[in-house]
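Report on the following structure.
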2 protein chains.
Amino acid sequence: MFSIGEVSKRTNIKVPTIRYYEQMGLIASPERSEGNQRRYDRDGLRRLEFIRHARELGFSLDDIRDLLRMSETTDAPCHEDVHRIAGEHLGAVRARIARLKRLEAELERISLCDAGSVSDCAVLETLSDHSHCASEH
Amino acid sequence: MFSIGEVSKRTNIKVPTIRYYEQMGLIASPERSEGNQRRYDRDGLRRLEFIRHARELGFSLDDIRDLLRMSETTDAPCHEDVHRIAGEHLGAVRARIARLKRLEAELERISLCDAGSVSDCAVLETLSDHSHCASEH
DNA sequence: CTTGAAGCTCTAGCCACTAGAGGAATTAAG
DNA sequence: CTTAATTCCTCTAGTGGCTAGAGCTTCAAG
């Protein structure tokens, strides 16, 4: 049995966040000690690890609720849903990467321009004038 | 003189967002018509374009407040600050790209695995078991 | 002059936490 | 066994960056 602090250390999820997940119905209310403190078992720990991992992958708490529900039942259609959710998410992640790469290029241009030659540095002009952009966005 | 709706169309910033920026002190309160409606001039428009562009580059409203302040004064140290802010931001963007690429790889693995062979599909196991990850995160 | 779109202010909601107050329980040291 | 430090509890409120809606007023086209 683990205290919430233990679980926090093991999962790298902050204590208030664990309580928040409980409140949001992502995890069941765990048993309590005589003094009303939360006590988690291995299963609770696993569930939180699942959640943290899915969060790192960028899934919303709503998605995770679905994924967790699916992970409890083992029917075929549910698993298709898992693939659908992951697939949708993959698209979004790819779009974000593409977008960030454009931003990277522009920021590079901004932050590498010579900071010494003050007056003709185009940083702020770049920020205000869209036509300076290397790519549209 | 442009109405807030005009400005919204020209800058692609939604009307309530423009009012929000005013409330947050990012733009000055514009003149008003006789009937108390906001009227913007070219300068107001430019300022909002600056903001939108900086937002697209991922700067926070706080950063943008600084950048705007700098864009009004033209001293050397300020411009160095611009470079610093942009540089810091570049680092963060690069980190995000790297992280997203790892996620992309993992999501690819999840969403491409055969949805037909149900029972031994490792999607949910992947989500729960960190050791399956191709790279640590 | 009418009507419908667009404007106004104000409050509240969104997500996923995070912070703080004020108090109770647990644990390690002496 | 007692003390002191730490962790835990609940509860409320705040964060960023908007977004939505209610209920009203103003503007512009026909």
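Naming convention: chains lettered A, B, ... in sequence-line order (proteins, then strands); numbering from 1 in each chain.
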* To do: Look at all strands and tell whether B/R38 reaches a base, only sugar-phosphate, or nothing, counting heavy atoms closer than 4.0 Å.
  => sugar-phosphate
* Among C/dT18, C/dA16, D/dC27, which nucleotide sits nearest the side chain of B/S33? -> D/dC27
* To do: Write down the distance between CD (A/Q37) and P (C/dA24), rounded to a whole number of angstrom.
  => 13 Å
* Say you draw a straight line from OG1 of B/T11 to CD1 of B/I51; how long is it, rounded to the nearest 0.5 Å? -> 9.5 Å
* Whole-Å gap separating C1' (C/dC14) and CE (A/M24) -> 12 Å
* Structure fact -> The reported gap from CG in B/L45 to CE in B/M1 (rounded to nearest 0.5 angstrom) is 12.0 Å
* Sugar-phosphate only, base, or nothing, as touched by A/R55 at under 4.0 Å among non-hydrogen atoms -> sugar-phosphate
* To do: Identify which nucleotide among C/dT26, C/dT18, C/dC8 has an atom closest to any side-chain atom of B/R32, counting heavy atoms from C-beta outward.
  => C/dC8
* Asked: Within this structure, what is the CD1-to-C1' distance between A/I4 and D/dT7, rounded to whole angstrom?
  -> 11 Å
* **Nearest atoms (heavy-atom pairs only) where A/P30 meets A/E22** => CD-OE1, 3.5 Å
* To do: Let me know the distance between CD of A/E34 and P of D/dC9, rounded to the nearest Å.
  => 15 Å
* Check the distance between D/dT15's P and B/Y20's OH and give it to me in whole angstrom. => 10 Å
* **Side-chain N,O (A/T17) to OP1/OP2 (C/dT18) below 4.0 Å** => yes
* Asked: Between A/Y21 and B/G5, which has a closest nucleotide on DNA chain C that is more 5'?
  -> B/G5
* Check whether any side-chain heavy atom of B/R38 sits under 4.5 Å from a side-chain heavy atom of B/F2, and report yes or no. => no
* To do: Find the distance A/Q23:CD to C/dC17:P and express it as a whole number of Å.
  => 13 Å
* Structure fact -> When rounded to whole Å, the OH to C1' distance for the pair B/Y40 and C/dC8 reads 12 Å
* Nucleotide nearest A/K14 (side chain, heavy atoms from C-beta), chosen from C/dT18, C/dA16, D/dC27 -> C/dT18
* Asked: What's the CG-P distance between A/N36 and D/dC8, to the nearest Å?
  -> 13 Å
* Rounded to the nearest 0.5 Å, how far apart are CZ of B/R39 and CD of B/E34? -> 10.5 Å
